[in-house]
Amino acid sequence: MLEGEAAYYAALRATDEQLARVDKEYQQLLKRDKGETTLAKAKEDLRFHMLIAEASQHLLVVSFSEIFTAVFNAIYGCCRVP
């Protein structure tokens, strides 16, 4: 549900700059090396979804996405995903 809302609001509200960042990240995901670890792939996926959440400019979507990122980081002991 969160991803759908994020995408919906991003489509309505994202700036050209935000859309360009989402597109750039998506293109990187398509080129992802199959030899990458599952954790590396998960970090890339999380970064892509956070860009969409931020582009939604919706306080609740961004807040819930940040909570998910914090939980992800707590589980895997990694630094904040940019």
Side-chain angles (χ1 to χ4, degrees):
M1 184 173 104
L2 183 61
E3 290 176 344
E5 290 296 304
Y8 172 78
Y9 284 105
L12 292 176
R13 301 175 176 173
T15 65
D16 290 340
E17 182 181 321
Q18 288 171 319
L19 291 174
R21 284 195 307 258
V22 169
D23 182 56
K24 182 180 177 182
E25 190 66 33
Y26 179 71
Q27 296 306 319
Q28 289 300 111
L29 286 175
L30 293 176
K31 296 176 187 176
R32 180 167 51 203
D33 181 21
K34 294 181 193 268
E36 289 185 54
T37 65
T38 301
L39 180 57
K41 291 175 185 177
K43 286 180 185 180
E44 292 172 2
D45 187 65
L46 182 57
R47 184 172 40 249
F48 173 70
H49 288 283
M50 278 304 301
L51 286 172
I52 294 171
E54 290 167 0
S56 77
Q57 300 180 37
H58 189 292
L59 180 61
L60 290 176
V61 169
V62 173
S63 297
F64 283 122
S65 297
E66 287 174 346
I67 291 168
F68 181 80
T69 299
V71 170
F72 177 91
N73 289 332
I75 291 170
Y76 293 103
C78 55
C79 56
R80 186 181 191 288
V81 175

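We're numbering straight along the sequence, starting at 1.
Every residue two or more places apart in sequence or in another chain that forms a side chain to side chain contact (heavy atoms under 4.5 Å, CB included) with His58 is listed here: Tyr9, Arg13, Ser56, Leu60, Val61. For Thr37, there are no side chain to side chain donor-acceptor pair (under 3.5 Å) partners, not counting sequence neighbours. Not counting sequence neighbours, Thr38 has no partner by the side chain to side chain contact (heavy atoms under 4.5 Å, CB included) test. Taking the side chain to side chain contact (heavy atoms under 4.5 Å, CB included) definition, one finds that Glu25 meets it with Arg47, Phe48, Leu51, sequence neighbours left out. Shown here are the side chain to side chain contact (heavy atoms under 4.5 Å, CB included) partners of Leu30, two or more places apart in sequence or in another chain: Tyr26, Gln27. Listed by chain and number, the residues in a side chain to side chain donor-acceptor pair (under 3.5 Å) with Glu36 amount to none (sequence neighbours excluded).
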Problem set entry | Evaluation steps, side chain to side chain contact (heavy atoms under 4.5 Å, CB included), between Thr15 and Gln57 | CA-CA 10 Å; Thr15 65; Gln57 300 180 37; 4.0 Å; yes
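If you chain together hydrophobic residues whose side chains sit under 4.5 Å apart, Tyr8 and Leu2 never meet in one group.
The shortest side-chain heavy-atom distance between Val22 and Gln18 does not fall under the 4.5 Å cut-off. Taking 4.5 Å as the limit, some side-chain heavy atom of Arg32 sits within range of a side-chain heavy atom of Lys41. Two residues are said to be in side-chain contact when any heavy atoms from C-beta on lie closer than 4.5 Å; Lys43 and Phe72 meet this criterion.
Clustering of Ile, Leu, Val, Met, Phe, Trp and Tyr by side-chain heavy atoms under 4.5 Å joins Leu59 with none of the others.
Atom-to-atom distance recorded for Asn73:CG and Phe68:CZ is 10.0 Å, nearest 0.5 angstrom. In this structure, Glu54 CD and Ile52 CD1 are separated by 10.5 Å, a value rounded to the nearest 0.5 Å. In this structure, the separation between CG on Leu39 and CG on Leu46 is 10.5 Å, given to the nearest 0.5 Å.
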